[in-house]
Amino acid sequence: MNIIESIQEGVIRAVKGLYGAEIGPADITMSATRKEFEGDYTVVTFPFTRFARKKPDEIAEEMGQHLVREVAYVQKFNVIKGFLNLSLSDAFWRRFLEEICRNEQFGMQPPNGHKVLVEYSSPNTNKPLHLGHIRNILLGWSTSCILEAAGYEVARVQVINDRGIAICKSMLAWEKYANGATPGSTGIKSDHFVGDYYVMFEQKFQKEYQDWQKSDAGQAQLQEWLGTNEARRAEKELAQKREKALKELEGKVAAGELPPGSSLREEDFSPGKFFFKNFKDEYFNQHSKLGAEARAMLRRWEEGDEATVALWRRMNDWVYEGFNETYEKLGVRFDKLYFESETYLLGKDMIEKGLEEGVFYRKDDGSAWADLTGAKLDHKAVLRSDGTSLYITQDLGTAHLRYQDFGVEKMVYVVADEQNYHFQVLFELLRRLKEPYADGLYHLAYGMVDLPTGKMKSREGTVVDADDLIAEVVEEARKNSLERDTLAGLSAEEQQTIINQIGLAALKFFIIKVHPRKRMTFDPKESVDLQGQTGPYVQNAYVRVQSVLRKGGGQSLSAAADYDKLESQEREILSQLYAFPELIRTAAEEYDPSSIANYCYELAKAFHRFYHDYSILSAETQAARAFRLQLSQAVANVLKMGMKLLGIDMPERM
RNA sequence: GGCCCCGUAGCUCAGUGGAUAGAGCAGCUGCCUUCUAAGCAGCUGGCCGCAGGUUCGAGUCCUGCCGGGGUCACCA
């Protein structure tokens, strides 16, 4: 039993003995004592006034005496405004420190016999990975590590969207314009190589579309639309929008944010532009030559045309090669890949079963639906009238397949929050189908990543590429390291390893420290910061310990047993360490890596302060020296484990 | 419009219903002859979106409103 439970039990007995009331642990409000007061743990006594019929201070006083008498290691107490602050004995903390120094795996929970699957990354194969994927990957990886630390057996998987019109665009552009060029022949990273042809397709298509807009056919289409009611509505809305924008602009000019004489871009409010923007998909499907070619290619792929499938395989393999490089740089891996080309037909059996069981119903046209109005959702199509699968059908089948593959009781889907509705529907359907894992489903929905300039938009070229970003943070770490010149004496290879660790720590920590649910602003300038609330700050605390240990470690630390009169900073650090196991449990329960990041920062901060204020190697006594060495060692160990859960490695020097 | 998420310092973010709401960045000041200054300390900066309610106690829970985002396809 840990000390917190002991105290709770003591409080329960005290309440019963003193006031004759029965309470449970949940009725007790307990927390670590705030820094400005003396004590280690605080019990709030206000809730007890109801049955004690006494003032909070009196209750606290009585209870404090009771706890000191009855609970081992509770040594003394003080009362401030109804808050009962308890101090544990030095012996308690010394024993705790000894215990964690013996246990390298302190905080890691023993296997709990449960299996969980984590799906993350899940890219398309037509473009390289970008900043959004990085958040996804870091969340997925750290969540899976945290679940492992909490005792789960974890399977890491990704779904790869390797089929559909998008990859056909890349294929078509490559066929038409590449003249047989390959990643090897051009020296371009292979996923970027494929992505470049996707971009090229879009550019050629855009050019074609613009030419068409000016053509008789295009103008005729526009004229036809301009006569409709829809057009009149649109014109009205555009006029309103224009007015609003004009007001905003005038406000900004008045505030000096924009130069005088600034004006609106009138074309933004022209009905013609509005029309052609919305007509784009229809143009692609109905009129475009390139669109027709891409669709023909998709059809050939679906028919299994040999040459098309071979090209498809070749280009996708290039993409995987590039992805794997990026995954390796980020230090993540997967146990299994699910390719949509292999799973997109799955799920129909489940629909059949569901139809029999009345989970779904059929419309006259043959399509299958689920009535989810009871779950405050809606009617949802699960099979097309021609009998083919939909996105949701495929996900039903894939979930079932994964259960067969891994026998997991829980599945975590790391997917952006724009798909919240989809997962609500998916989980509800799996519950109704009585899938055995249906109660263990969790959508780890994370907010999109914005740039200081606004949303990332691939069409406007504001997407931050994953590889570029990694290179940038590592370069920043390299420059800083050179200035500091602390790595002299190490081989070039060792130096590079450390610089990579520092750069990636900055990037990863910057992203993980924000709660997943929140939309986040990613400022590239701040992400390469190496000072303050950052990954390298935490690494530096670890490095300082290693440096101390190199100089003064190796001797017996048994003298630590004689250390008494712990400093309040030492107690504070110990109390933080004490919270580590519980932190892992709650982080796993809540699927929240950000709590680990913030914990590591707080612990590093406490250590940096301690390191500054007290001498470790030249402490006043042998006992103090031994104790502080142990304490430093314990801090380093916990920081290393904590950061490892975030996918961040600790360098031995920096 | 329905549903979901967010709103805390100039900026980026913490904050299990408990004490005087915290960090980092930015700005200003100090501290390297001492275990690595990627550090430490200080100053400046808050109607915790607004209004009600529940509670001994609300940034935290409930309701309404305002603002931002997402989503509501036989697309994925």
Side-chain angles (χ1 to χ4, degrees), chain A residues 29-31 33-34 36-37 42 44-47 49-50 56 80-83 85 124 161 163-166 281 340 344 363 365-369 376-378 380-386 388-395 416-422 424 445 447-448 450 452 455 477 480-481 483-484 486 502 505-506 510 513-515 517-523 525-527 529-541 543-552 582 586 594-595 597-598 601-602 604-605 608-619 628-629 632 653-654:
Chain A
T29 308
M30 231 181 108
S31 55
T33 303
R34 292 183 141 228
E36 59 265 38
F37 304 109
T42 297
V44 183
T45 60
F46 292 98
T49 52
R50 200 169 311 139
I80 298 168
K81 293 202 294 191
F83 293 88
N85 300 322
N124 297 340
N161 183 7
R163 59 176 283 275
I165 194 74
D281 282 350
E340 290 203 358
Y344 79 109
K363 281 192 180 172
D365 61 7
S367 57
W369 293 75
K376 283 171 85 178
L377 293 165
D378 210 336
K380 181 79 189 173
V382 292
L383 215 55
R384 288 198 188 91
S385 50
D386 65 5
T388 55
S389 313
L390 290 155
Y391 180 41
I392 191 88
T393 325
Q394 180 187 159
D395 267 3
D417 63 5
E418 60 189 358
Q419 295 206 39
N420 280 353
Y421 180 76
H422 172 75
Q424 273 181 36
M448 307 290 261
D450 292 324
K455 278 193 212 177
N480 272 270
S481 183
E483 263 173 46
R484 282 169 226 278
T486 45
I502 296 170
F510 185 80
K513 72 179 180 186
V514 180
H515 193 284
R517 196 173 43 234
K518 288 176 103 165
R519 205 177 171 97
M520 69 175 290
T521 307
F522 183 90
D523 187 338
K525 277 203 298 290
E526 282 178 31
S527 72
D529 274 352
L530 309 173
Q531 276 139 31
Q533 196 181 35
T534 66
Y537 174 95
V538 180
Q539 288 179 320
N540 188 232
V543 163
R544 283 179 141 181
V545 174
Q546 299 315 310
S547 172
V548 169
L549 292 177
R550 271 195 299 274
K551 295 206 162 104
E582 181 60 23
T586 55
S594 71
S595 62
N598 287 304
Y601 172 69
E602 292 298 333
K605 192 173 147 108
H608 275 306
R609 190 151 72 97
F610 173 69
Y611 178 92
H612 177 267
D613 292 351
Y614 294 90
S615 187
I616 298 166
L617 290 177
S618 16
R628 286 176 189 166
L629 276 167
S632 305
R653 54 180 80 216
M654 64 192 285

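Per chain, numbering begins at 1; letters A, B, ... match sequence-line order.
At B:rC75, one or more side-chain N or O atoms of A:Arg384 fall inside 4.0 Å of OP1 or OP2 (strictly under the cut-off). In terms of phosphate contacts, A:Lys518 brings no side-chain nitrogen or oxygen within less than 4.0 Å of OP1 or OP2 of B:rG69. A sub-4.0 Å separation between OP1 or OP2 of B:rC40 and a side-chain N or O of A:Tyr537 is present. Considering only side-chain N and O atoms, A:Arg544 lies under 4.0 angstrom from the phosphate OP1 or OP2 of B:rA37. In this structure, A:Arg34 reaches the B:rA19 phosphate: one of its side-chain N or O atoms is under 4.0 Å from OP1 or OP2. Between B:rU20 and A:Lys81, a contact under 4.0 Å exists linking OP1 or OP2 to a side-chain N or O. Contact annotation: A:Arg550 does not reach the phosphate of B:rC35 (side-chain N/O to OP1 or OP2, under 4.0 Å).
For A:Tyr611, taking side-chain heavy atoms from C-beta onward, the closest of the listed nucleotides B:rC35, B:rC72, B:rA38 is B:rC35. Closest approach to the A:Gln531 side chain among B:rG39, B:rG18, B:rA41 is made by B:rG39 (side chain taken as heavy atoms from C-beta onward). Set against B:rA14, B:rC40, B:rA37, the side chain of A:Arg609 has B:rC40 as its closest nucleotide. When distances are taken from the side chain of A:Glu526 to each of B:rG70, B:rU12, B:rA19, the shortest belongs to B:rU12.
Across the C1' atoms, B:rG53 and B:rU29 are found 47 Å apart, a figure rounded to whole Å. Separating the P atom of B:rC50 from that of B:rG59 is a span of 11 Å, rounded to the nearest Å. Taking atom C1' on both B:rC43 and B:rG7, the two are 29 Å apart, rounded to the nearest angstrom. The separation of B:rU8 from B:rG49, taken at their C1' atoms, amounts to 10 Å, rounded to a whole angstrom. Rounded to whole Å, the P atom of B:rU54 lies 45 Å from the corresponding atom of B:rC40. B:rA41 sits 45 Å from B:rC4 when the C1' atoms are compared, rounded to a whole Å. Using C1' as the reference atom, B:rU20 and B:rC3 are 40 Å apart when rounded to the nearest Å. Rounded to whole Å, the separation between the P atoms of B:rC5 and B:rU60 comes to 16 Å.
Where A:Phe510 and A:Val543 each meet RNA chain B at their nearest nucleotide, the meeting point lying more 5' is that of A:Phe510. Nearer the 5' end of RNA chain B, as judged by each residue's closest nucleotide, is the contact made by A:Met520, out of A:His608 and A:Met520.
Note on A:Asn161: only backbone sugar-phosphate atoms sit closer than 4.0 angstrom, heavy atoms only; bases stay farther off. Across all strands shown, A:Met448 has no heavy atoms under 4.0 Å from either base or sugar-phosphate atoms. Residue A:Tyr391 is in base contact, counting any heavy-atom pair closer than 4.0 Å across all strands shown. Among the heavy atoms of the strands lying under 4.0 Å from A:Thr521 are primed sugar atoms or P, OP1, OP2 only; no base atom is included. As judged by a 4.0 angstrom heavy-atom cut-off over every strand, A:Leu390 is placed among residues touching the sugar-phosphate backbone only. Using a 4.0 Å heavy-atom distance criterion, A:Arg484 is classed as a base contact. Residue contacts for A:Phe610: at a heavy-atom cut-off of 4.0 Å it reaches no nucleic acid atom on any strand shown. In this structure, A:His515 reaches the sugar-phosphate backbone alone: every heavy-atom distance under 4.0 Å involves primed, P, OP1 or OP2 atoms, never a base. If you check every strand for non-hydrogen atoms under 4.0 Å, A:Asp395 touches nothing. At the heavy-atom level, A:Pro47 lies under 4.0 Å from base atoms of the strands shown. Using a 4.0 Å heavy-atom cutoff across all strands shown, A:Lys605 reaches sugar-phosphate atoms only and no base atom. Across all strands shown, A:Phe522 has no heavy atoms under 4.0 Å from either base or sugar-phosphate atoms. A:Thr42 comes within contact range of at least one nucleobase, with a heavy-atom separation under 4.0 Å. Counting any heavy atom pair closer than 4.0 Å across all strands shown, A:Ser31 reaches a base atom.
Between the base of B:rA38 and the side chain of A:Thr534 there is no donor-acceptor pair shorter than 3.5 Å.
Of the nucleotides present, none pairs with B:rA21 by Watson-Crick or G-U wobble criteria with both distances under 3.5 Å.
Note: CD1 (A:Ile80) to P (B:rG18) measures 18 Å, nearest angstrom. With rounding to whole Å, A:Gln419 atom CD is found 14 Å from B:rA73 atom P. Taking atom CG on A:Asp613 and atom P on B:rG42, their separation rounds to 10 Å, with Å as the unit.
Put simply, the side chain of A:Leu390 reaches to within 4.5 Å of the side chain of A:Arg384, judged on heavy atoms. Put simply, the side chain of A:Tyr391 reaches to within 4.5 Å of the side chain of A:Gln419, judged on heavy atoms. Put simply, the side chain of A:Met30 does not reach to within 4.5 Å of the side chain of A:Val44, judged on heavy atoms.
Between the side chain of A:Thr393 and the backbone N or O of A:Val382, at least one donor-acceptor pair lies under 3.5 Å.
Glycosidic conformation of B:rC66 is anti; the angle lies outside 90° of 0.
By the 5.5 Å and 30° criteria, A:Tyr601 is not stacked with the base of B:rA23. Ring stacking is absent between A:Phe83 and B:rG18, as the pair misses the limits of under 5.5 Å between centres and under 30 degrees between planes. We find that the ring of A:Phe37 and the base of B:rA19 stack, their centres lying under 5.5 angstrom apart and their planes tilted less than 30°.
Scanning both residues, A:Asp417 and A:Arg517, for their nearest heavy atoms gives OD2-O, 4.4 Å.
Of the N and O atoms on the side chains of A:Thr42 and A:Asn85, at least one donor lies less than 3.5 Å from an acceptor on the other residue.
Note that A:Lys363 lies in the cation-pi zone of A:Trp369, set by a 6.0 Å cut-off to the ring centre and a 45° limit from the axis.
Between the CD atom in A:Glu526 and the OG1 atom in A:Thr521 there is a gap of 9.0 Å [rounded to 0.5 Å].
No close placement of the A:Phe37 and A:Phe83 rings is indicated, their centers lying 6.0 Å or farther apart.
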